[in-house]
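The structure under discussion appears below in the form of C-alpha cells.
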Amino acid sequence: MKRTLQLFIAMSLFLCGFSLNAQREIAPKVNVLNERGAIVIQLDNQYHFPYDISDNKQHVAIQSFEEGVSFYWSESTGLIQINGYAFSVSDDGVVAGYYLEPSLGVNAAGLWYPETQEWEFLGMNPDFPEAADPMMMIDYNNAWAMTNDGSTVAVMHSDENWNSYSYLWTEDGGYVELETSCSSSRPNALSNDASVVVGHGVVDMGWIPCYWVDGEYHDFGSSVYGEAMGVSSEGRYICGYLDGATPGAFTYDIVNDELTTLTNTFSEGNAISATCVNNNGEVFGYYANSFPAFPDARRAFAYVGGELINFADYLAMNGFAEALNWTIYSVNSVTADGTAFTAVANIDGIDYSIVIIMEQSDCDGPKNLTYNIDEVDYNNLTLSWEAPENPVDVTYEIYSSYTSETPLYSGITETTFTVEDLEPGQYTFIVKANWGGECLSSGSNSVNVTINSCPESDMCELRFELFDSFGDGWNNGYIEITAMTSGIVYKVTCPEAPENEAYEYLLKLCPDQYLFTWVAGQYDSEISFNIYFQDEMIFSVEPEGINENFNLVFLDYEVDCGTFVSEIVNENNFSIMPNPAQNYFNIEGENIAKVEVYNAVGQMIDVVNVKNDNVQVSTENYNNGIYFVKATTTNGQVSVQKVVVSK
C-alpha cells in the first residue's frame with residue numbers, strides 16, 4: 001500500500017498544492033449521523049485514507065496525503081495529528097507505524113500512544129545492529145500492521161542495499177524473521193492471532209503476493225504479480241491486487257486452496273484493488289475508472305457471493321439505503337465482526353473521511369459452508385455448514401447469490417442438504433438461518449461449484465506442454481477452454497518454469513465439443529505450447545507464434561473419451577439429413593432395424609425399432625448439442641454417425 005499511497009501523495013501535492021509545513025486546525029469533535037441501518041461518523045471533512053479501525057470501533061488510524069502526517073481518532077479525543085505514518089490501531093488506541101527516530105536520524109518502527117501523543121521506538125533488531133547512513137534516506141524499519149490486541153507487530157526491515165525483510169515483533173520475544181524464497185518482502189496485514197501474515201515478495205520481474213501460515217512461506221508462483229493487502233481476522237481469507245496487462249484484484253481461500261481473480265467490470269481495463277476481507281470471505285476495496293487513479297476517480301466495491309457490486313449497493317442491501325445518494329470513493333478496512341468500515345465518501349457535495357457502523361443482525365448466521373460432489377451420482381451435491389450458536393427454532397435457506405431475495409430451498413432443519421440432479425455448469429450457493437420467521441440472518445461464506453456433464457470415471461485427459469522462453473511464466477496470458485454443451489469454462493496457464501522447459505498440465509474433460517481461445521497477457525511472443533489428446537498432438541504453437549495474426553479462437557475440437565463409439569464398426573452406410581437438425585432428422589439406409597440415439601457422454605436417450613429404409617426422428621425433447629446415431633440393420637451390421645441439434 002505504501003507504493004500506492006506515495007503515488008496518491010505525489011498526485012495530491014501536484015494537483016492541490018499542499019504545503020508539507022502547513023499547520024491545520026484539528027477539530028476536537030466530529031459529526032455522528034444516525035442513518036437508518038447505520039451510524040456514520042464523519043472523521044474529517046478531508047479526503048484522507050482512514051487506514052484501520054479497531055475491532056471495538058472506538059479508534060481509527062488515518063493516513064494523510066501529506067508527507068509524514070497521519071491522524072488518530074477516537075470519540076473522546078476527536079482528530080489528533082500524528083507526525084509519522086500510522087498504519088494500525090488496537091482496541092486500546094495504540095497506533096503502530098513509523099516515524100523519524102532522533103537517535104537514528106531515519107524512520108523507524110514504533111508505537112504511538114494517545115495519552116502521551118508520542119512515539120515509542122520498538123528497539124534495535126539484533127539482525128540489524130546499525131541503521132543505514134541517514135544521507136542514504138533508507139528507513140531502518142517500518143511497522144505495517146498489528147494484531148487488534150496490540151501484542152504482535154508486523155515489521156519490514158531495510159538494509160543498505162534497499163533490500164527488505166519481514167519480521168514479527170512482540171514485547172517478550174523481540175524480532176522473529178518471516179523467512180521467504182524472495183530477495184525482499186514486506187508484511188502488510190496479519191490475522192488476530194498473528195498465525196497468518198500477508199504481504200508481498202520481490203522477484204526479478206516485480207512484486208508477487210505472498211503469505212505466511214505459522215511462519216511457513218507461501219505464494220502463488222512467481223508469475224502472479226501483485227500484492228496481498230488484507231487477511232480476515234480468523235486468517236482463512238486473503239485479498240489484494242494483481243499487476244499485469246489485465247490488472248485485477250484477488251481473493252484466496254486458504255482452507256480450500258481456491259484463488260479467485262476479480263476483473264474490473266465497472267470500467268474495463270482499469271485497476272481494481274481489494275483492501276480488506278471479512279470472515280465470510282466478503283471482499284471490499286476500490287477500483288479506478290481512469291489512469292492515473294486520481295482520488296475522485298476511485299469508487300468502492302464489494303465482492304459478495306461471487307458477485308462484484310458497488311459498495312453503496314452493498315450497504316443498501318444491508319438496510320442503509322441513504323448510501324445510494326453518496327459517492328463512496330474507497331473502502332479501506334473492516335472490523336472482525338464485519339459490521340464497521342473505514343471509507344472515503346462525498347456526502348452532499350463535501351468529501352469526508354468516515355466510519356460506517358452497520359446495524360448488527362439480531363440473529364447469528366451459519367458459518368464455514370463447504371460442499372462435496374457424489375462420485376457416482378456426479379450431479380448430486382451435498383452442502384454442509386456450522387450452525388449458529390444456541391439455535392432455537394432455526395431452519396435454513398439456500399440462495400444462489402448474495403443479492404438473491406428468493407431462496408432456492410427453504411425449511412431445512414439439518415446442517416447438511418443434498419441438491420440433486422443439477423445440470424452441468426457452474427453454481428454459487430449461500431446459506432442463511434431463519435429464526436422462527438422473526439429474523440433472517442446474514443449469509444454464510446459462498447461456495448462456487450462446477451458440475452461436470454459426466455462422472456469422473458468417464459472423463460479423459462488433455463495433456464498440455466507449456467513453454468516460456470524467458471522462464472517467468474505467462475504473465476497473465478492463458479488458454480480459455482469452453483465446453484459447448486455445458487458452457488463450463490476452464491483456464492490453463494503456465495507458472496514460472498525453467499527457460500524453454502515444458503511445464504506439463506493435465507486437464508480432465510467430459511466428452512463434448514470445446515472451443516479454445518487465447519486470452520492475451522504480457523510478453524505473449526515468449527509463449528509456446530503443445531496440446532495432446534490420447535498421445536496425438538492436436539495443436540501446437542511455436543515460439544513467437546502468438547502475435548497480432550494469432551486467432552483469438554484458435555481451435556474447435558471434439559473430445560471423445562472412447563465410449564461405445566470407438567467399440568463399433570462405423571461403415572457410414574446411412575445418411576442423416578438435415579444436419580444440423582432443428583425439429584427432426586431423417587435417417588436413410590438399407591434394411592434399418594433399430595435406431596439408437598446417444599448424447600455426448602454416451603447415455604442412450606432415444607430408441608426407435610423399425611424395419612424400413614427411411615426413419616424420421618423427432619428432436620422435440622432434445623437439448624441443443626452433439627448426438628450420436630447408431631443404426632443396426634436386419635443382418636446385424638452397425639454404423640454410427642454424428643448429428644448436431646441446433647434449434
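The structure presented is a predicted model; accordingly, all values stated were derived computationally and were not measured. Hydrogens, waters and symmetry mates play no part in the numbers below; they use all other heavy atoms, side chains included.
- When side chains are defined from C-beta on, Pro543 does not count as touching Ser469, because their heavy atoms never get closer than 4.5 Å.
- Using a distance-only test at 3.5 Å, with no hydrogens or angles considered, no donor-acceptor pair links the side chain of Tyr72 to the main chain of Val89.
- Side-chain atoms of Glu171 do not come within 3.5 Å of backbone N or O of Ser151 as any donor-acceptor pair.
- Atom CG of Asn256 is surrounded by more than 12 heavy atoms from other residues, nucleotides or ligands within 6.0 Å.
- Using a 30° and 60° split on the angle between ring planes, Tyr51 and Phe87 fall in the perpendicular class, above 60°.
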Checklist line | CA sep, side-chain torsions, deciding dist, call: Val153, Leu122, side chain to side chain contact (heavy atoms under 4.5 Å, CB included) | finding: CA-CA 10 Å; Val153 182; Leu122 292 186; 4.3 Å; yes

Next item on the list: With ring-ring contact (aromatic ring centres under 6.0 Å, His included) as the test, would you mind laying out the steps for Tyr503 and Phe464 before giving the verdict?
Entry: CA-CA 8 Å; Tyr503 173 81; Phe464 296 80; over 10 Å; no

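- Side-chain contact annotation: Asn278 with Tyr237, donor-acceptor N/O pair under 3.5 Å absent.
- One finds the CG atom of Asn141 at 11.5 Å from the OG atom of Ser166 (value rounded to the nearest 0.5 Å).
- Listed for the Trp119 side chain is no donor-acceptor partner under 3.5 Å among the backbone atoms of Ala96.
- Between Val489 and Ile481, every side-chain heavy-atom pair lies at or beyond the 4.5 Å cut-off.
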Notebook entry, point to check: For Tyr490 and Tyr514, what are the C-alpha separation, side-chain angles and deciding distance, and is it a side chain to side chain contact (heavy atoms under 4.5 Å, CB included)?
Noted result: CA-CA 10 Å; Tyr490 304 88; Tyr514 291 88; 4.2 Å; yes

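- Looking at Thr147, its side chain does come within 3.5 Å of a backbone N or O of Thr152 through a donor-acceptor pair.
- A 4.5 Å side-chain heavy-atom check between Tyr505 and Thr493 finds every atom pair outside the cut-off.
- Within 6.0 Å of OH in Tyr523 there are 12 or fewer heavy atoms belonging to other residues, nucleotides or ligands.
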Next item on the list: Decide side chain to side chain contact (heavy atoms under 4.5 Å, CB included) for Met124 and Leu104; before the verdict, give the C-alpha distance in whole Å, the side-chain angles of both, and the deciding distance to 0.1 Å.
Entry: CA-CA 10 Å; Met124 301 297 288; Leu104 300 178; 3.9 Å; yes

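- Interatomic distance, Phe539 CZ to Phe554 CZ, rounded to the nearest 0.5 Å: 5.5 Å.
- Closest approach of Trp212 to Glu179, counting heavy atoms only: NE1-O, 3.0 Å.
- Side-chain contact, Glu177 with Tyr175: no donor N or O sits under 3.5 Å from an acceptor N or O.
- A side-chain N or O of Thr342 and one of Ser333 form a donor-acceptor pair less than 3.5 Å apart.
- Between Phe341 and Tyr314 there is a side-chain heavy-atom pair separated by less than 4.5 Å.
- Side-chain atoms of Tyr85 come within 3.5 Å of backbone atoms of Gly68 as a donor-acceptor pair (strictly under, hydrogens ignored).
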Next item on the list: Show your reasoning for whether side chain to side chain donor-acceptor pair (under 3.5 Å) applies to Thr170 and Asp172.
Entry: CA-CA 5 Å; Thr170 60; Asp172 294 334; over 6 Å; no

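- Cation-pi geometry between Arg299 and Tyr287 is not met: the NZ or CZ atom fails to fall both under 6.0 Å from the ring centre and inside 45° of the normal.
- You'll find the side chain of Tyr217 stays beyond 4.5 Å of the side chain of Ser185, heavy atoms only.
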Next item on the list: Quick one: do His157 and Phe128 satisfy ring-ring contact (aromatic ring centres under 6.0 Å, His included)? Show the steps, please.
Entry: CA-CA 8 Å; His157 269 280; Phe128 295 85; 4.8 Å; yes

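- Here the CG atom belonging to Leu190 is positioned 7.5 Å from the OG atom belonging to Ser88, to the nearest 0.5 angstrom.
- In terms of modelled atom types and a separation under 3.5 Å, the side chain of Ser528 and the main chain of Glu542 share no donor-acceptor contact.
- Judged by distance alone, the side chain of Asn188 and the main-chain N or O of Val198 form no donor-acceptor pair under 3.5 Å.
- A donor-acceptor pair shorter than 3.5 Å can be found between the side chains of Asn530 and Ser540.
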Notebook entry, point to check: Where do Glu216 and Tyr211 land on the side chain to side chain donor-acceptor pair (under 3.5 Å) test, with the steps shown first?
Noted result: CA-CA 8 Å; Glu216 183 179 349; Tyr211 64 99; over 6 Å; no

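- Nearest heavy-atom pair across Asp193 and Ser195 is OD1-OG, 2.7 Å.
- We find the CZ-SG distance between Phe284 and Cys239 to be 10.0 Å, quoted to the nearest 0.5 Å.
- For Glu130, the CD atom sits in a loose shell: 12 or fewer heavy atoms of surrounding residues, nucleotides or ligands are nearer than 6.0 Å.
- Partners of Glu456 according to the salt bridge (Lys or Arg N to Asp or Glu O under 4.0 Å) rule, which considers only residues two or more places apart in sequence or in another chain, are Lys508.
- Enclosure of atom CD in Glu544 is not indicated, since only 12 or fewer non-hydrogen atoms of other residues, nucleotides or ligands lie within 6.0 angstrom.
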Next item on the list: Apply salt bridge (charged side-chain N to carboxylate O under 4.0 Å, His left out) to Glu461 and Arg463, showing your working.
Entry: CA-CA 6 Å; Glu461 290 181 339; Arg463 181 168 63 90; over 6 Å; no

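- No donor-acceptor contact under 3.5 angstrom links the side chains of Glu234 and Ser232, judged on distance only.
- Smallest separation of non-hydrogen atoms from Glu227 and Tyr241: OE1-OH, 2.8 Å.
- The environment of CD in Glu258 is crowded: more than 12 heavy-atom neighbours from other residues, nucleotides or ligands sit within 6.0 Å.
- Looking only at atom types and distance, the side chain of Arg236 has a donor-acceptor partner in the side chain of Asn368 under 3.5 Å away.
- Side chain of Asn332 to backbone of Pro50: a donor-acceptor contact under 3.5 angstrom is found.
- Between the CG atom of Asn264 and the OG atom of Ser273 there is a distance of 11.0 Å, given to the nearest 0.5 Å.
- In this structure a side-chain-to-backbone donor-acceptor pair under 3.5 Å is missing from Thr450 to Gln426.
- The two residues Thr517 and Val553 make their nearest non-hydrogen contact at OG1-CG2, 3.7 Å.
- Taking 4.5 Å as the limit, every side-chain heavy atom of Val344 sits out of range of all side-chain heavy atoms of Phe49.
- A donor-acceptor pair under 3.5 Å is formed between the side chain of Asn107 and the backbone N or O of Leu100.
- Counting heavy atoms from C-beta outward, Ser525 and Asn547 have side chains that stay 4.5 Å or more apart.
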Note to self: Apply side chain to side chain donor-acceptor pair (under 3.5 Å) to residues Glu465 and Tyr532 and explain how you reach the verdict.
What the structure shows: CA-CA 8 Å; Glu465 291 179 342; Tyr532 297 85; 3.3 Å; yes

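- Side-chain contact check for Val106 versus Ile138: every heavy-atom pair is 4.5 Å or farther apart.
- Closest of all the heavy-atom pairs between Ala300 and Val331 is CB-CG2, 3.7 Å.
- Taken to the nearest 0.5 Å, the CZ atom of Phe301 stands 13.5 Å off from the CD1 atom of Ile328.
- Annotation: cation-pi geometry not satisfied between Arg298 and Tyr329 (NZ/CZ under 6.0 angstrom from ring centroid, within 45° of ring axis).
- When all heavy atoms of Pro187 and Tyr167 are compared, the pair lying nearest together is CG-O, 4.4 Å.
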